[in-house]
Amino acid sequence: MTYAAVPLIPRDVLFGNPERVLPTLSPDGTRLGFIAPDEGVLNVWVGPADDPAAARPVTHDRHRGVRTFMFCHDDRTLAYLQDTDGDEDWRLYALDLETGESTLVTPQEKVTAYILEHNRWHPTSMLIGLNADNPQLHDVYRLDLATRELTKVAENPGYAGWLIDSDHRVRGGVAMTEEGGAVVYRRGDDGADEPWFEIGPDDVLTTDVAGFNRDGSAAFLLSSTGVNAARLIRVDLATGAETVLAEDSEYDAAGIARHPETLEPQAVTFIKERKSWTFLDPAFGAEVDGLTQRLRGEVGISRPVRDDRTWLVHDVLSDGPVRYYRYDRDSGELTFLFSHRPELEEYDLAEMEPFSYTARDGLTEHGYLTFPPGADRAGLPAVLNVHGGPWARDTWGYNPEAQWFANRGYVCVQVNFRGSTGYGKAFGNAGNKQWGRAMHTDLLDAVDHLVGQGLIDRDRVGIYGGSYGGYAALAGAAFTPDVFRCAVDIVGPSNLLTLLASVPEYWKPQLALMHNRVGNPETERDLLWELSPLSKVDQITIPVLVAQGKNDPRVKIAEAEQIVAALEAKGLDHEYLLFEDEGHGLARPENRERFYAAAERFLATHLGGRAQAD
């Protein structure tokens, strides 16, 4: 089939609510829960473990939806978090699955809750973090699941994060330093905290305490101290002896699979071009390898059932929906449950392909290309889709925007520019204070590389992204408008000075990290202004589409309003979409449809791709 004959994938298939997603089994193995639409709004559904079709909604939100939940080990409570219109003031609810009664556990205004620890050994209690007394710091509270009563158990002395073991003991915390590093504190038997080890600014994004074993005698560290990439280390807490369990010279250790009883690591994953496993437990490795051979994509394992005899397995493809299975370890039976968007099976999707190139200073960069299916790979229009963070990275797998771009006729170009995570600290630290500088020229070098290979048309390249990616889109329009035909900014900062001055209160303990990696307004004010797209608005000559959530707590609405006002004052070509009931991104399907319809028309006008008839 030629590209011209490839049917358009409707936007609601790509960006509407998934049919079912995030399945999980209850700890006793009797119930299956998942997120699915109820009257068009995402809610939690629960039913018998062996009959997904019998599930019924147990939450009944009619506005923004519920997107995260967990079954508790008392075998009757379901906990979930919800904010208001994207404000990220997360509130914790506890739902009784026997009576259907839901209790708002954290009713305070402008307070953010998160779950610290809940496990099989303490089935009727949960530890949560709550910044009710000091908006910058989360204290530790114990929630009694039987009475729904909250009790403060530890006051925060200045920690950005807590260390908690499986017996619900506070074992210490992590405090940020003025230099952008951190100090990890360890709590003694007398309740006093003493410095355990320091993390330098160069290692702070690649070093972390990943947890403790069941008896609390050992801690597991992900650490790049003394090496380039984060490796998994086991620390004997009595002697201080360290054992390296898994490492790679270039890639950071990413995920850890731990034995559900001993909490000892059984496997470590590294995200390279694709996910790579290192097995520490040969029997576990053989079982995962067996599943990999039976499935088509990258395999993920979830082990929610207490007896560990039933796993949930997800099969991730780049050219199809995510498929979920229930795996019986005793019989070896692998039972298909559902895929997250089965309607995708009806369309021709494109494979995501890894690529690499050399930046102008010799640094090797990696990324992914998604080509229009059936198209000749020569002189194609392209969209440079820049990831957010920026301390994150793009990975291989199903990506609705990559499929959307490819289906509309564009090469989707995703670049893990310097500063992206997963590639070791040298690569990550190469992005320090490089917003709009080397991080931006990495993107330009990707365009040059693909033009040089004849794959894309230099005169038909758009730049698009959200959060940091939105900043990159604005930077592309303001700093290098000759490279891009158009730019799409979603919740991106336009002024680095106002961005840093308006971070959420609970981010402030980590503000030194932002200053170290973006810039310090006290000492580098001129630099930060120079690297702000707003400062170069006079140089913008290409059309810009700006989308913003009114309630965004990270990139405030002022970031969009400043650049839009400047574009209006200069008479520059632009569109502005403001979403009154959204935050840092678009959660409601009607808002996603409004945005993607506008963005599709915008790209078709300026890059010449296809558009769905509305």
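Just so you know, these numbers use all the heavy atoms, side chains as well, and skip hydrogens, waters and symmetry mates. For clarity, every value in this text was computed on a predicted model and none was experimentally measured.
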| said: Under a 4.0 Å threshold between the charged nitrogen and the carboxylate oxygen, would R234 count as salt-bridged to E242? | reply: no
| request: Assert yes or no for the condition that the ring centre distance of Y471 to W435 is strictly below 6.0 Å. | output: yes
| Aromatic ring proximity Y114/H138, centre distance under 6.0 Å | yes
| Do H259 and Q266 touch side chain to side chain, with heavy atoms closer than 4.5 Å? | yes
| request: Return each pair, listed once, that meets ring pair (Phe, Tyr, Trp, His ring centres under 6.0 Å) where at least one residue sits in residues 284-304; pairs must be two or more places apart or across chains. | output: F284-W311
| field | Pair F34 + F338: ring centers closer than 6.0 Å | value | yes
| So is R171 actually on top of F212's ring, under 6.0 Å and inside 45° of the axis? | yes
| field | Residues D74, R120: salt bridge by 4.0 Å N-O rule | value | no
| query | Hey, are E117 and N119 close enough side-chain-wise for a donor-acceptor pair under 3.5 Å? | reply | yes
| query | Looking at the rings of Y251 and Y423, which for Trp means the six-membered one, are their centres under 6.0 Å apart? | reply | yes
| field | D552 side chain vs V555 backbone, donor-acceptor pair below 3.5 Å | value | yes
| message | Less than 4.0 angstrom from a charged side-chain N to a carboxylate O is my criterion; do D133 and K152 meet it? | response | yes
| Is there any salt bridge (Lys or Arg N to Asp or Glu O under 4.0 Å) pair reaching into residues 208-223, and which pairs are they, with sequence neighbours excluded? | D167-R214
